[in-house]
Amino acid sequence: MGIETGVAWRELRAHFEQVVELQLTQMFAGDPQRAVDFSLEEQGLFLDYSKNRITRESIDLLTNLAVEAKLPAAIKDLFAGKKINITEGRAALHTALRAPKSAYIELDGVDVIPQVHAVLEQMETFSETVRSGQWLGFSGKPIRNVINIGIGGSDLGPSMAYEALRAYSQRNLNIQFVSNVDASDFAEAVQGLNADETLFIVCSKTFTTDETLTNARTARSWLLDQLIDKKAIAKHFVAVSTNTEAVQAFGIDAQNMFGFWDWVGGRYSLCSSVGLAVMVSIGGTNFRAMLSGFHAMDEHFRTAPLAQNMPVLMALLGVWYNNFFVAETHAIFPYDKYLGRFPAYLQQVDMESNGKSVDKSGLEVVVQSGPIIWGQVGTNGQHSFYQLLHQGTKLVPVDFIGFAQSHNPIADHHDKLMANFFAQTQALAFGKSSQALADEGVDEALIPHRTFSGNRPTNTLMAEKLTPFVLGQLTALYEHKIFTQGVIWDVFSFDQWGVELGKNLAVEIFQQLESSGTGKANFDASTTQLLNRYRGMRKTS
Ligand code: F6P
């Protein structure tokens, strides 16, 4: 019996029929308090959710749904380190990674906080040595290039945060991220670099991920081609992993390894040693400020009443559109160049977490689960796909994220950027009627083409400036939004079995390709045809 059979869902369905015809234009006109009442501020992070197709009753009914899904108990279990990742038999205790040293969080009878802070201190000592030029490469030169090799959560989190906090970075360090098994990724990253000034961070929770190990082996060969002596590896490779044995088997000294734990999911691992490249770039103090932002949002999520809880509200609004308006996608548009990687980062966190089609008891879900997440920085998207958002037939709820201050206050750029930011949510919500166009004297034949229906929902998130603290708040906000939705849809948000099949098939196909076709593989006709064609073209090229 899923959530859709409960009272709250039934009431929401009936309520939806009343709300679906309402226009945001009327809702604002009839309620001068609307903007204020449908807004929330949490330690400088402001959410205006008034431009959503909701009434006060919608919020009441949606919060009833959260209660019916037993969200408060689920939040307690999350923070208490209960093994809620049932299919992998693990806790999902990423919140412990940003808890202060004074906290006490027990898992299997052990307080995890001392381990968390010991690794943070190890990271800080290492980062400082690299940043200050004291970490010397094999030939005695300081490190100038740091290359993180990892994929998925071992890449998207650190690369997103590195980009987001570039304004805080030490500019004489060239930080790069190699993730793709496509050799061009590695080749371009090391183009023109000297091995004796380059440090690789091999970042992999399992240390078994094929893409990462392939890139790490290529990096080792590239380094040894230049530096010859195998002793150079100790000066140019460090590892971030939970798998000490595999790290040592690769040839990296356990002393140069930064550990974390199986209770940290890959896509929730940015605050662990997976963030090492970020700390090297921005330093320990800024990294800790980011952790404080995460922790502030964790505390808000843990303690705020549901109707004033930012992640919960955003999650419920997402459910409203996903399940009642049947919106297939959810877009995220940061109006800040530095947040360019944020949508890609959130794609993994959201879609790997809630892209599930069976519920916790293994039965097919009856209601739609996670949406397709996508996005792009503003204003670029405006000159690309916003046409569809304004006048297309699809309903796409959007989160707009913007800041009052720029890290680069040059001429009038920032006010122009933010003018667009405000204009877009206004246009999406209120549109432009055919009457208004007629009043302007627009040619009658053109009126249908120039009409904007409006009534297109958005959230606006705004803070003073994109600081490390704010980035932490924002990231934790989405983590907890996604958790809340997983609770409502009753799916396991912390496993990712859906990535396995493709990985296994790739291994089989790779073996077949390497065995020059003599293997006994029995692929489908299409795959066999494609492999034969590939083999033929590979030979002639
Ligand atoms: O294949 C998916 C995945 O397991 C992600 O969940 C994870 O973030 C990524 O691969 C990388 O895994 P690892 O850090 O173990 O190399």
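Indexing begins at 1, ligand by ligand and atom by atom, following the structure's order.
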* **Atoms of ligand 1, numbered as shown, that sit under 4.0 Å from any heavy atom of Thr209** => 12 (O), 13 (P), 15 (O), 16 (O)
* Asked: Do other residues, nucleotides or ligands put more than 12 heavy atoms under 6.0 Å from Lys465 NZ?
  -> yes
* To do: Looking only at protein heavy atoms, identify the closest one to atom 10 (O) of ligand 1 and say how far it is in Å.
  => Lys503 NZ, 4.5 Å
* **For Val499, atoms of ligand 1 separated by under 4.0 Å from a heavy atom** => 1 (O), 2 (C)
* To do: Give me the one residue out of Val240, Leu213, Asn215 that meets side chain to side chain contact (heavy atoms under 4.5 Å, CB included) with Ile149.
  => Asn215
* Passing candidate, side chain to side chain donor-acceptor pair (under 3.5 Å) with Trp489, options Asn323, Thr484, Asn354 -> Asn323
* Asked: Is the backbone N or O of Ser179 less than 3.5 Å from a side-chain atom of Asp185, with the two atoms forming a donor-acceptor pair by type?
  -> yes
* To do: Pull out every atom of ligand 1 sitting under 4.0 Å from any heavy atom of Ser154, numbered as shown with elements.
  => 13 (P), 14 (O)
* To do: Out of Glu500, Lys205, Arg267, Glu352, indicate the one that has the non-hydrogen atom closest to atom 3 (C) of ligand 1.
  => Glu352
* Asked: So, the side chain of His236 versus the backbone of Thr198: is there a donor-acceptor pair under 3.5 Å, distance only?
  -> yes
* Just wondering, do Leu71 and Val312 contact through their side chains at under 4.5 Å, heavy atoms? -> yes
* **Residue Ile151 vicinity, atoms of ligand 1 by number, heavy atom under 4.0 Å** => 9 (C), 11 (C)
* **Phe494: which of Arg90, Glu352, Glu88, His94 passes side chain to side chain contact (heavy atoms under 4.5 Å, CB included)** => His94
* **Contact (N/O only, under 3.5 Å) between Ser204 and ligand 1** => yes
* Structure fact -> In ligand 1, the atoms that come under 4.0 Å of a heavy atom of Gly152 are 8 (O)
* To do: Measure from atom 15 (O) of ligand 1 to the protein's non-hydrogen atoms and state whether any distance is below 4.0 Å.
  => yes
* Structure fact -> Only one of Val365, Val491, Asp490 passes side chain to side chain contact (heavy atoms under 4.5 Å, CB included) with Lys356, and that residue is Val491
* May I ask whether Glu211 places a heavy atom under 4.0 Å from ligand 1? => no
* To do: Ignoring angles and geometry beyond distance, decide whether Gly153 reaches within less than 3.5 Å of ligand 1 through its nitrogen or oxygen atoms.
  => yes
